[in-house]
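First comes the structure, then the notes that go with it.
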Amino acid sequence: MECIITIELGTNAVRIFAFDLSGNIIGSMKGSYPTFHTEPDYSEQDPEQIFITMLYVLKNLLTEKIHPQKYKVVSICFSASMHSVLAIDDHGVPLGNVITWADNRGKVEAQELKKSGLGKILYDNTGTPIHPMSPLVKITWMKNHDQERFNQTYKFLSIKSYIIQQLTGEYFIDYSLASATGLLNIQTIQWEPEALAYAGITADKLPELAPVFHSPGKLRKEYQKSLKLSSSTKLILGSSDGCMATLGAGVWSDGKATITIEDSGAVRVVGKEVLRDEKQRFFNYLLTENCYVSGGPTNNGGVVFDWFAKQFGDFRIPYEIEYTMDNLVNEASKVAVGSDGLLFLPYLLGERAPIWNANARGSYFGLNIKHERQHFIRATIEGILYEIYSIGKTLEEHRSIKTLSVNGSFASIPFCTQMIADMYNKPVTVNKHSDSASRGSFLMSATDMGKYATLEEASRTVALTDTYTADPGHHQTYQKYFDVFERLTNKLADEFEAIANLQQKH
Amino acid sequence: MNQFILQQGHARELHAFPHILEFALKKNNSIQLNSLHATSTDSVRIYSIVDGKFEWVIGEQNHILYPGDLAVILPGQTFRGEKDILNIGTLSWIHLRLEKIDATGMSLGKWSYLSRTECLTIGKILLLNLTTVLKLKECQGILTTLRQELMNQEIGFTTRVNQLIDELFISIARQSTRQNNSQRDFPQTFMKLEQTLRQNLAHQWTVEEMAALIGLGTTTFTEKVKNYTGFSPLNYLINIRISEAIKLLNRQDENVTDIALGTGFYSSQHFSTTFKKLTGYTPSEFRKRNLPSK
């Protein structure tokens, strides 16, 4: 019997799945690693810990689930979170920690570049919004503020490139992940000379570019031996977690969009053309040639509801946040649609799409004497989803969206899924499997084996269940409140800046 | 309750308890200059506020204490009143000489009924959490009973007195972990624990110690860690140890035995075996692997 293994190097944990060739899950395991915030805007992880955790989880999965059942591992396909930067020296040894997507240290660099004419050109050519998350901005920051490390750097890698180098000895990055670095020209599929020049590097400072199906080489002998894998096991570079989740969500044709909400969230569409936005509000990431995953990300997804639960939830059992959240959702469902006029702006962590304002902050608005505790719960959830709706609504200025598919722990709470359907006034399907990114990696591997002719064909096999249909009455109510939500967000721009400045000072 | 002060060497009530240096209850009715100037001793000093409001500086940190609050001052920590004054109010205190309390562990003394592991864990909590002021009203009851036992000297009082002091330490340790962890945010609590583990990697951590540090029982703790990280607590610890070791191996300037002991392995042999099992390389092979690139 043969099987396919997928490795997802996520923001907080590595998730490894084993699928049989029909796409059934044979086993899965995860291992988490911490994020360090040594300074206010910093967000870093230990590359060795990520590597060891990945290796440990892989070994456990193989020993406990795969080898005892005599499965032969055909391929191992990778995906990883976007925008990470790891500097290494000429021995392949990391120079410090890996800088994650959530790191904001380059905010001044980002602001300056975004305002300049070059910023506009770079956004058009690379598809990556000019933002501190972008490796282009991070490397520029290093050039300006950490010259010693910058000069010592042999290559700037993504965390996935580092892990693959550890396993094979080769330095590679797939086009897809590379298209999220702000350094790749998504038309020519070559490193963008103007971006490299701005960051102060040459192309040899980056790993070699290759298609998502490319095999970076064989596992080193030592790992073949310790993992008991044969030399014929094929490694596949794969893509980013975002693109894989889109593929795994089965969203591959016109008129479809996918909504992912975990801690953060995104609304994505797939198309054969780059989505050009004058206001630079959307990302355009490449999956394969002439196939773009476009959309907008939000900082304020499930993490905001998490925050609410920790502050105001009832923790009868220590640390049982899921139980607490269930109760909150239950209470929220007893309040009328629109929370009787209580609105919540969810921008606790600043916001990316569509407003791209790092200074945005949260706010409850419209309080009157009749509002009770449970109104706040419902308003909080509604606020998070109005933001998700505002991304989709902006996307619709460019593409028509007829149906939606949701995944991610927050979006797939039935109460939230129904609310998404009502706000958008469109039918919403939920993925049968919660692991969209891993499913996407499986589909990529299976396509590579020839099981499917194209990724599009592969994506059509994704099983969707539970269609939620919109309630037109609810939709109308949400529309009225959303108008206020949108106006409020726009009107508060000056006040957001003022309060954020004050907060920074104290 | 009336004021009293018992001092070792003077009070016959303390004959059987050489570890109790001083035990007192004071009602302070007037403010006097220099009534609480800076001191640092080699004993553990515990103060419980009964009445009033006290402004104190403990180890450079300013605190305001209210009734029900308890301050724990460790050996070597300085302690004084704000402006060197003892405020008006009622408070009781006990000063204890412990056999040992430092980075390598704590032992109360032969009189204690706590097991060695329990004692070590409580010591770790006291040293690591550094919560000097605890909301611990129940300790007033312990101190009141302690006084009655010492004054009345009924049958079994030696045992009771020592048990009460043990109980005091247990209450302090438990409240300290509770106050340090909201019991709402496991990821955040776990992150704090992980930092502590990293800073004390050479220490031979036990699951009991780790669980106690965040105020959970071992069963719940293990289950939570497994759920959150995918690993058992000890396997998670191995992750941190090996990743730290890899960093040191890459630096090329420390020998393998030192790295092994510094990252908490029993021996270089134990390190080698664990390392090879996980990575497929022995530590020295791994070190040689990072040769200059092509």
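In what follows, chains carry the letters A, B, and so on, assigned in the order in which the sequence lines appear, proteins first and then strands, with residues in each chain numbered from 1.
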Spacing of [X] atom [atom1] and [Y] atom [atom2] [to the nearest 0.5 Å]:
{"X": "A/D306", "Y": "B/R184", "atom1": "CG", "atom2": "CZ", "value": "12.5 Å"}
{"X": "A/M54", "Y": "B/N239", "atom1": "CE", "atom2": "CG", "value": "11.5 Å"}
{"X": "B/L278", "Y": "A/K59", "atom1": "CG", "atom2": "NZ", "value": "7.0 Å"}
{"X": "B/I246", "Y": "A/I52", "atom1": "CD1", "atom2": "CD1", "value": "3.5 Å"}
{"X": "A/L227", "Y": "B/T279", "atom1": "CG", "atom2": "OG1", "value": "10.0 Å"}
{"X": "B/Y281", "Y": "A/R220", "atom1": "OH", "atom2": "CZ", "value": "4.5 Å"}

Counting heavy-atom pairs under 4.5 Å with chain A, the top scorer among B/G230, B/A245, B/P187 is B/G230
Do the side chains of [Y] and [X] get nearer than 4.5 Å, heavy atoms only?
{"X": "A/F36", "Y": "B/E194", "result": "yes"}
{"X": "B/E244", "Y": "A/E48", "result": "no"}
{"X": "B/F231", "Y": "A/V57", "result": "yes"}
{"X": "B/I240", "Y": "A/Q49", "result": "yes"}

Between chain B and each of A/P318, A/S32, A/G31, count heavy-atom pairs under 4.5 Å; write down the option with the most. A/S32
Leading residue by heavy atom contact count with chain B [cutoff under 4.5 Å; candidates A/I317, A/N60, A/T53]: A/T53
Least distance between heavy atoms, [X] atom then [Y] atom:
{"X": "A/S226", "Y": "B/G280", "result": "CB-CA, 3.6 Å"}
{"X": "B/F286", "Y": "A/Q166", "result": "CZ-OE1, 4.1 Å"}
{"X": "B/K247", "Y": "A/D46", "result": "NZ-OD2, 2.9 Å"}

Begin with the C-alpha distance, continue with both residues' side-chain angles, and end with the deciding distance and a verdict on side-chain contact (heavy atoms from CB on, under 4.5 Å) for A/E222 and B/K276. CA-CA 9 Å; A/E222 290 77 5; B/K276 171 128 190 175; over 6 Å; no
Can you find a side-chain donor-acceptor pair between A/Y319 and B/T189 that sits under 3.5 Å? yes
Residue pair B/N235 / A/Y56, side-chain donor-acceptor N/O under 3.5 Å: yes
Heavy-atom count around [X] [atom1] within 6.0 Å, excluding the residue itself: above 12?
{"X": "B/Q204", "atom1": "CD", "value": "yes"}
{"X": "B/Q188", "atom1": "CD", "value": "no"}
{"X": "B/Y266", "atom1": "OH", "value": "no"}

Taking side chain as everything from C-beta outward and backbone as N, CA, C, O, which of these in B/R178 sits under 4.5 Å from a heavy atom of chain A? Side chain, backbone, both or neither. neither
Under 4.5 Å from a heavy atom of chain A, the part of B/Y236 involved: side chain
Using the salt bridge (Lys or Arg N to Asp or Glu O under 4.0 Å) rule, take B/K224 and A/E320 through it: C-alpha gap first, then chi angles, then the decisive distance, then the call. CA-CA 10 Å; B/K224 291 253 169 248; A/E320 277 298 329; 2.7 Å; yes
Part of A/Q311 within contact of chain B (heavy atom distance under 4.5 Å): backbone
Atom group of A/T324 that falls short of 4.5 Å from chain B, counting heavy atoms: neither
